[in-house]
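Heavy atoms only: backbone and side chains are in, while hydrogens, waters and symmetry mates are out. One-based numbering along the sequence shown.
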Amino acid sequence: MDLRIDMPLVLLLLLPLFLYFGWTYFHERQRLKRSHIVVLTIRIVAAGCLVFALAGPYLLLPIKEEQIVYLVDRSASMNGTEDEMVQFIQESLQSKKEPQLAGIYSFSSTLQTEAILSKTLKEVPKLTEIKATDQTNIEQSLQLASGIIDPKKATRLVLLTDGNETKGDALEFATKLKGSNISVDINPFSQPVVNDVSLKSFVSPQVAYVGEQQQLVTDIHATSAGQGELLLYENDELIHREAVELTEGTNVFTYKHAATAEGLVKYEAVVQVGQDAIFENNKLTSVTMVQSEPHLLIVNGYETASPIAAALGSQSIAYDVVAPKSLPNELSSYLQYNAIVFDNVPGHLVGEAKMSVIEQAVKNFGVGFTMVGGENSFGLGGYFKTPIETLLPVEMEIKGKEQLPSLGLVIVLDRSGSMQGSKLELAKEAAARSVEMLRDEDTLGFIAFDDRPWEIIETGPLSSKEEAVDTILSVTPGGGTEIYSSLAKAYENLADLKLQRKHIILLTDGQSQAGNYEDLIGEGKEEGITLSTVAIGQDADANLLEALSDMGSGRFYDVIDEQSIPSILSRETAMISRTYIEDNPFYPAIYNAAGWNSLFANGVPQMNAYIGTTAKQGATVVAESEKEDPVLAQWQYGLGKTFAFTSDSTGKWTGDWARWQNWGAFWQTLISQMLPSYNDVAYDVRLEADGSFMITDPTNEAAFLDIVAVNEAGEELETKLETISASQVRAVVQAEPGLIFFRIADEKQAIYQAGLSVPYSAEYELLPVNNQLIEELTQRTGGTVLKEPQDVFRDFTTKGADRQNIATWLLLASMLLFFIDITIRRLGWNFLTNAKKKEPLVEEKTIPEDTNVAQLLKGMKKRS
């Protein structure tokens, strides 16, 4: 037991205290009696207790229990060492003493529990699977382990690692452990030396021109000599395959390539060998801005040749035509183009993931976008509340909804166990969107089924959209799958309702028992009920569902991409009302808009039909129908210019426009207005050694640049900008290995694009044990580098202790002594002894007092 003081300088207050009492004693000692000396002593002790209490005294009471925490590095760089580390822990546990607690935790980018701290741990349990192994964060593992243990007890953190941290700073955290009960021991492990071939770097020019010979340079490192194969790709297409001889160490190969692709072009290098320890380090990417003439992407929703391509002709802007299902997933594939046109494209064939990537290409990279109408476009295409609707100048909702026919919709949703996860969540989100498209007076029903129907929302007027949406989103997964009874319930609920349109949407991913579907659907058709079905995934009974939709005069959707479910339901809800299509011939009104008026100098052709939409606030309406619906609208979305042409491109709806002499010029004008304005300034973007990006502006206007970083999936990345000088900005981006695209815009919104590759994590490099970090970490924390397993449970140099504060007791003692001091001064020192002597005096005076009274009375009688 030790006595410690937090603030020893406070004890200096004892000096004036002792000087005062000493001076009092020496000057008054001749007059001081024994009682005065006692009182003075009490005061000195009381004041001393008060001063000691202010100094923060406490007792350290020893704690016998000790804690040993194993931290097992299971990152990718430790592959092949798990059995060896488990064996080390098992052998060391044989030396554990009775009062010692032990626990096992494994880590890579984060910490997970294998065995909690306990006195009973004797065997190493089977280690659980660890998913994210691409980082080693020793700092975080130490920090989390420090929060698990009891800080009062002596603790030893035992790290089993190679010391090659790729995230965090363990040495910086070690300074926080100084003076604590925690020490860090380390037993170094490293993966066995095996044959490995890795790509150290892959470089392509940052800027090139179409047809220019580029040098693609690869740097390959091999642990031993051998043969391999080098493959080079341009935008995921193989452009070069070469057998290479590899020597031990560094091998550099250069390939000259004439750029054929345009825009931001992705190049990829892959090296392959027979036996390779780590596959993750065999691939690197690089990006080159290939400057050329503008390039257009036409997404054609028709089964025939593209009408827009035919209208443009061969002498116009360069273009590619693709089907909706062929749209790529990666942002780099869209940044090859300057503008994109969706021509009668159904939303469910695109999916919301691709829509989000396109939205980023428009917003942050200035790619132009136009949606062209048709029976599968706008609201009828299922674009309600999608990223595409967000970027367009029009909303899918239409004005004059009071003119729509009365609607009744029942959604029958599979909630069986197989739907658990993203399928059910997307299906619920899709149902919620459908509710939002309905009017308040429309009829809605929602049935969720597993092995029986559950009527979540009774079929009736839609009184509260918000309440209905919340109810739908609260549905949880259940058991089996039984379709017939649920479908029968939906038909029963709609049969007797007096509505102009009655529709059922059935969504399921499973099989069902047989039922008399023909009679059920036949009776429903007599009541005006239609049925559409959605088969989700490969396990769904697609044949049955397709047959049901045919019998029910609806549509069948075979869904492989779950992201398309919301678009399907919003499309189905829109299709209930064919009034989305306005098919009365009219002459559009043309408003003053730059670049358009000259086309209509000789008049405006007649148009047959269009899809009803509503112009957004801030959009410019170029052409408008007689009902004041937009036919051609435009606006600025982020850095991109977007257009909505609500008629079609085939001539069926556009009528005389398709036979108009300026029909080709109309499309060329639209496309030219979509094209972004690019910045001629050549900004230099480089990846620094610390993982940040340095952006250099030759015009010395770096502080005014608008910089955005986006990954291949179209997700905007968190970016912190730091102005280094007038010409340089540092960008710290939270990015995973892979391609990153930078959009740099100046004050005039002129755009510069750059793409860089974040290389694979250092986890996938063959590195030796980091002895420097290991030695420094153990020294700073008072630990050691372990040699033998039994050393883990060696005696602790620092013992645990429980701190007991005694300041309160000293304050109480001081108060008690002051109270005694006050009592003595008020009643006198001899009050106790006087009290003892007064008792017999009272008894002796009793007789005299009585005698005196008698004599007094006798005298009074005589006088009377």
Measuring only between side-chain heavy atoms, which start at C-beta, is Leu687 closer than 4.5 Å to Pro759? yes
Check: Gln100 side chain, Lys97 main-chain N or O, donor-acceptor pair, under 3.5 Å: yes
Hey, does the side chain of Asp791 reach the backbone of Glu788 with a donor-acceptor pair shorter than 3.5 angstrom? yes
Is it true that a side-chain atom of Thr223 and a backbone atom of Asp196 form a donor plus acceptor pair closer than 3.5 Å? yes
Within a 6.0 Å radius of atom CD on Glu722, are there more than 12 heavy atoms belonging to other residues, nucleotides or ligands? yes
Do other residues, nucleotides or ligands put more than 12 heavy atoms under 6.0 Å from Gln94 CD? yes
Above 12 or not: heavy atoms from other molecules or residues under 6.0 Å from CD of Glu688? yes
Residues Lys119 and Glu65 bridged, charged N to O under 4.0 Å: yes
Backbone N or O of Thr155 within a donor-acceptor pair of the Asn181 side chain at under 3.5 Å? no
Has the side chain of Ser757 got a donor or acceptor atom that lies under 3.5 Å from a matching backbone atom of Thr285? yes
Between Glu763 (side chain only) and Thr136 (backbone N and O only), is there a donor and an acceptor less than 3.5 Å apart? yes
From Asp162, Asn164, Thr161, Thr133, residue fulfilling side chain to side chain donor-acceptor pair (under 3.5 Å) relative to Ser77: Asp162
Check whether any side-chain heavy atom of Asn329 lies under 4.5 Å from a side-chain heavy atom of Lys354, and answer yes or no. yes
If you count every heavy atom of other residues, nucleotides or ligands that lies below 6.0 Å from Met694 atom CE, does the total exceed 12? yes
Grab the two heavy atoms, one from Leu177 and one from Ser146, that are nearest each other, plus how far apart they are. CD2-OG, 4.0 Å
CG (Leu71) and OG (Ser141) are apart, to the nearest 0.5 Å, by 5.0 Å
Side-chain donor or acceptor of Arg730 paired with backbone N/O of Phe693 under 3.5 Å: no
Smallest heavy-atom separation, Ile536 atom then Met419 atom, equals CD1-CE, 4.0 Å
Would you call Val197 and Ile220 a side-chain contact if the rule is heavy atoms closer than 4.5 Å? yes
Does the pair Lys126 and Glu114 meet the rule for a salt bridge (charged side-chain N to carboxylate O under 4.0 Å, His left out), with working shown? CA-CA 8 Å; Lys126 183 179 179 181; Glu114 306 295 345; over 6 Å; no
For the residue pair Tyr760 and Pro737, what are the closest heavy atoms and their distance? CA-CB, 3.9 Å
Quick one: pull up CG in Leu171 and CD in Gln772 and give me the separation to the nearest 0.5 Å. 8.5 Å
Inspect the contact between Glu66 and Arg156 and indicate whether a charged nitrogen and a carboxylate oxygen are less than 4.0 angstrom apart. no
Between Ser474 and Asp470, is there a side-chain donor-acceptor contact under 3.5 Å, judged purely by atom types and distance? no
Between Glu716 and Asn364, is any side-chain donor less than 3.5 angstrom from a side-chain acceptor? yes
Looking at every non-hydrogen atom in both residues, tell me the closest pair between Leu717 and Gln734 and how far apart they are. CD2-O, 3.8 Å
For the residue pair Gln135 and Thr166, confirm or rule out a side-chain donor-acceptor distance under 3.5 Å. yes
Let me confirm one number: the OG1-CD distance from Thr781 to Glu776, rounded to the nearest 0.5 Å. 11.0 Å
Does Leu816 have more than 12 heavy atoms from other residues, nucleotides or ligands lying within 6.0 Å of its CG? yes
Distance-minimising heavy-atom pair for Phe742 and Val685: CD1-CG1, 4.0 Å
Check whether Lys787 reaches the backbone of Asn187 with its side chain - one donor and one acceptor, N or O, closer than 3.5 Å. no
Between Glu139 and Lys167 (salt bridge meaning N to carboxylate O under 4.0 Å), is one present in this structure? no
Side chain of Thr508, backbone of Asp414: donor and acceptor closer than 3.5 Å? no
Closest approach of Ala170 and Leu142, non-hydrogen atoms and distance? CB-CD1, 4.4 Å
Distance-only polar pair, side chains of Ser332 and Glu712, donor-acceptor under 3.5 Å: yes
Would you check if the side chain of Asp185 reaches a backbone N or O of Thr784 as a donor-acceptor pair within less than 3.5 Å? yes
Distance-only side-chain donor-acceptor flag, Asp509 / Ser418, under 3.5 Å: yes
